[in-house]
Amino acid sequence: MDFDVIFIGSGHANWHAAVTLKQAGKKVAIVEKDMVGGTCTNYGCDAKIALDGPFQLVEQLNRFKGNGVKETPAINWPELMAYKHQMIDPLAPSMDGLFGQMGITMLKGSGVITDAHTVMVAGETYKTDYIVIGTGQRPATLDIEGKEYVHDSREFLDIPDMPKRLTFIGSGVIAMEFAAMAATMGREVHIVEFADRALGAFPKTYVDRLQAKLEQQGVVFHFNEAVTAVTKTEGGLTVTTKNGLNIETDYVLGATGRIANVENIGLENVGIDASRRGIKVNDHLQTSVASIFASGDVIDKTQPKLTPTATFESNYIADVILGNDQPISYPAIPSVVFTMPRISQVGVSVATATANPDEYRTQVVPFGKQLAFEFKLALGAEATLVFDKTGYLVGASVYADDADDLINLITMIINGHFTQRQLNQQIFAFPSATSGVIDLLRSLLPKD
Ligand SMILES: Cc1cc2nc3c(=O)[nH]c(=O)nc-3n(C[C@H](O)[C@H](O)[C@H](O)COP(=O)(O)OP(=O)(O)OC[C@H]3O[C@@H](n4cnc5c(N)ncnc54)[C@H](O)[C@@H]3O)c2cc1C
Ligand SMILES: NC(=O)c1ccc[n+]([C@@H]2O[C@H](COP(=O)([O-])OP(=O)(O)OC[C@H]3O[C@@H](n4cnc5c(N)ncnc54)[C@H](O)[C@@H]3O)[C@@H](O)[C@H]2O)c1
């Protein structure tokens, strides 16, 4: 055998396992056809959060106008984009170098599985005990007239300047995060959505509040609308919908979901079935071929397709290859919409809890009002907590600037099955926003 394990794809789904296995003395190769580190690092979470920083600060400073702040600074997109390049561009080459230094063989090109123990890359074949498919997802594209004018998230995260007028097709996580940036910069923003609401997976109450805030900033939502064409005009572009809307715009971003990269990787050579949702795996993340695992976004799964899920799966696969025979067991997984403010959720959803009142109880905690100055005057900040019949915290949704950090704290309380007694044994830094929320939460948990 040339290798113990060959990983196809270098995103979070794969590189964590590659590093662990290399450190455990295994012979490991990573095949990558594009940028080392994958979507999250180069044109997903990291690139997005690098750009998001000043938007959060401007949002917070705006609330202090007349309370100690005179003027809020304007965002300079070209400068911000230069900063993003400075932060993000070195990551892929430095990861490539680090993995190489560790002794991981980096194979450049597209990996194609030719049999249960063989991968072909750039015309060379490599024999291996195990293969891990971590090829991720790509944006879904619309088959409409003028589709060549529709950009995707990767292109948006590289635009040299923020266009004056933007139209987003879809109102999922990607569209809402980018639309919030454009709206903060005072741009003319339209959102055209197929369904009757935005962010279908998140609690309606908080999505409605976010929508109202964006509408106040001038964003126009068009629900129950399907885009039929994008045409070039003298002054820009026109987005036309089935119901006859014509939106004049300068930039169109398609964010209508993501589909699994299962084509051209040789699945047919080994009889592995796959769909646009991904590859089916068993409770050890093995495909229908025992020596071939799948990891991360390319898995057909119900868990959120996010970086921490991919990382969890990667670490699990490394454990299995090193001898662990326990099935995978996912904890509650938080997800966040990085808008201003953010919406986050974890565990049993508010919708499930409301639909099953015999099983669950919900409680609204308006911590923005209760902890106004700790939360920098975010008076609308709020959490909805979900408790099971025995009183344990099993789910939550948060609407706040700090919803991304707060949900991590709540996730720990949920996964740790925390009681008041356990929380009382901890001392937290004060004054801090989280310590205030912990105090509010403490009294709601079961005593022992
Ligand atoms: C705009 C955007 C923002 C996001 N923001 C967040 C966020 O805030 N938080 C969060 O948790 N998640 C976020 N995500 C999701 C996150 O990026 C993914 O869940 C994560 O990257 C999945 O990791 P992965 O390794 O499974 O796939 P990827 O990171 O997509 O990696 C797959 C890799 O496989 C390579 N590849 C594909 N086919 C082949 C082949 N045949 N041969 C060789 N290489 C191949 C690809 O080039 C790619 O590098 C975001 C995604 C996008 C698009
Ligand atoms: N903060 C995060 O964690 C984060 C951020 C960005 C991306 N991501 C990743 O990317 C995925 C989200 O990607 P997305 O926002 O493209 O998908 P999504 O599934 O979140 O939203 C797609 C939206 O497009 C709508 N839609 C579908 N077809 C349409 C059509 N023809 N016309 C109009 N609207 C249409 C859907 O109804 C839906 O509201 C996440 O699931 C995650 O994997 C995560």
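Note that ligands are numbered from 1 as they come in the structure, with each ligand's atoms numbered from 1 the same way. Just so we're clear, the structure is a prediction, and the values are computed from it rather than from any experiment.
In this structure, a donor-acceptor pair under 3.5 Å is present between the side chains of Gln211 and Glu215. Under the 3.5 Å distance criterion, with hydrogens and angles disregarded, no donor-acceptor pair is assigned to the side chains of Gln326 and Tyr316. When only modelled atom types and interatomic distance are considered, Tyr126 and Thr105 share no side-chain donor-acceptor pair under 3.5 Å. Judged purely by distance below 3.5 Å, without hydrogens or angles, the side chains of Thr339 and Glu177 never pair a donor atom with an acceptor atom.
Annotation for ligand 1: atoms under 4.0 Å from non-hydrogen atoms of Pro308 are 11 (O). Which parts of ligand 1 touch Ser110 is read off a 4.0 Å heavy-atom cut-off, strictly below it: atoms 42 (N). When each atom of ligand 1 is checked for a heavy atom of Gly111 under 4.0 Å away, the hits are 40 (C), 41 (N), 42 (N), 43 (C). For ligand 1, the atoms lying closer than 4.0 Å to a non-hydrogen atom of Asp34 are 47 (O). Under a 4.0 Å criterion applied to the non-hydrogen atoms of Ser153, ligand 1 contributes the atoms 1 (C), 53 (C). Heavy-atom contacts of Phe338 reach the following atoms of ligand 1: 8 (O) (cutoff under 4.0 Å).
Closest to atom 39 (C) of ligand 1, if we only count protein heavy atoms, is Thr135 CG2, 3.6 Å. Remark: minimum distance from atom 6 (C) of ligand 1 to any protein heavy atom is reached at Cys45 SG, 3.4 Å. Looking only at protein heavy atoms, the nearest one to atom 25 (O) of ligand 1 is Ala13 N, 2.9 Å. Scanning the protein for heavy atoms near atom 45 (C) of ligand 1, the closest one is Lys33 CG, 3.7 Å. Of all protein heavy atoms, the one lying nearest to atom 49 (O) of ligand 1 is Glu32 OE1, 2.7 Å. Among protein heavy atoms, the minimum distance from atom 28 (P) of ligand 1 is reached at Thr39 OG1, 3.5 Å. If you check which protein heavy atom lies closest to atom 34 (O) of ligand 1, you get Gly9 CA, 3.3 Å. Counting only heavy atoms of the protein, atom 23 (O) of ligand 1 lies nearest to Ala310 CB, 3.9 Å.
Here Arg187 does not pair with Asp250 in a salt bridge; the nearest charged N to carboxylate O distance is not below 4.0 Å. Contact check on Asp96 versus Lys108 returns a salt bridge, with a Lys/Arg side-chain nitrogen under 4.0 Å from an Asp/Glu carboxylate oxygen. Ion pairing between a basic and an acidic side chain is recognised when a charged N comes within 4.0 Å of a carboxylate O; Asp297 and Arg138 show no such pairing. In summary, Lys84 and Asp158 engage in a salt bridge, as defined by a charged side-chain N under 4.0 Å from a carboxylate O.
With values rounded to the nearest 0.5 angstrom, Met120 atom CE is found 12.0 Å from Ile113 atom CD1. One distance of note links CG of Leu210 with OG1 of Thr205; it measures 12.5 Å at 0.5 Å rounding. Put simply, CD1 on Ile413 and CG on Leu441 are 5.0 Å apart, with the number rounded to the nearest 0.5 Å. With values rounded to the nearest 0.5 angstrom, Ile75 atom CD1 is found 4.5 Å from Phe55 atom CZ. Ile279 CD1 to Thr287 OG1: the interatomic distance, rounded to the nearest 0.5 Å, is 7.0 Å.
In this structure, Gly109 has a heavy atom closer than 4.0 Å to ligand 1. Distances from ligand 1 to the non-hydrogen atoms of Glu177 include no value under 4.0 Å. Not a single heavy atom of Val298 lies less than 4.0 angstrom from ligand 1.
Not a single N or O atom of Asn264, backbone or side chain, sits closer than 3.5 Å to an N or O atom of ligand 1. Residue Tyr43 has no nitrogen or oxygen atom sitting less than 3.5 Å from a nitrogen or oxygen atom of ligand 1, judged on distance alone. Considering backbone and side-chain atoms alike, Asp297 places an N or O below 3.5 Å from some N or O of ligand 1. By the 3.5 Å distance cut-off applied to N or O atoms, Asn14 is not counted among the residues near ligand 1. Between Gly296 and ligand 1, no pair of N/O atoms sits closer than 3.5 Å.
For Asp208, the CG atom sits in a packed shell: over 12 heavy atoms of surrounding residues, nucleotides or ligands are nearer than 6.0 Å. No more than 12 heavy atoms of other residues, nucleotides or ligands lie within 6.0 Å of CE in Met412, so this atom counts as exposed by the packing criterion. No more than 12 heavy atoms of other residues, nucleotides or ligands shown are found within 6.0 angstrom of OH on Tyr130. Around the CG atom of Asn62, the shell of radius 6.0 Å holds more than 12 heavy atoms that belong to other residues, nucleotides or ligands.
Listed as neighbours of ligand 2 are Lys48, Leu142, Ile169, Gly170, Ser171, Gly172, Val173, Ile174, Glu177, Val192, Glu193, Phe194, Ala255, Thr256, Gly257, Arg258, Lys305, Leu306, Val336, Phe338, each bearing a heavy atom under 4.0 Å from the ligand.
Side-chain N or O atoms of His151 include none that pairs as donor or acceptor with a backbone N or O of Val252 at under 3.5 Å.
In Ile265, the part holding a heavy atom less than 4.0 Å from any atom of ligand 1 is the side chain. Contacts between Lys48 and ligand 1 below 4.0 angstrom, taking non-hydrogen atoms only, involve the side chain exclusively. Contacts between Lys305 and ligand 1, counted as non-hydrogen atom pairs separated by less than 4.0 Å, involve the backbone only. Residue contacts with ligand 1 for Ile8 involve side-chain atoms from C-beta outward but no N, CA, C or O (heavy atoms, distance under 4.0 Å). Contacts of Cys40 with ligand 1, taken as heavy-atom pairs under 4.0 Å, involve both backbone and side chain.
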Determine, step by step, whether Lys147 and Asp143 satisfy the salt bridge (charged side-chain N to carboxylate O under 4.0 Å, His left out) criterion, reporting the C-alpha distance in whole Å, the side-chain angles of both residues, the deciding distance to 0.1 Å, and the verdict. CA-CA 7 Å; Lys147 60 184 174 210; Asp143 194 14; 2.9 Å; yes

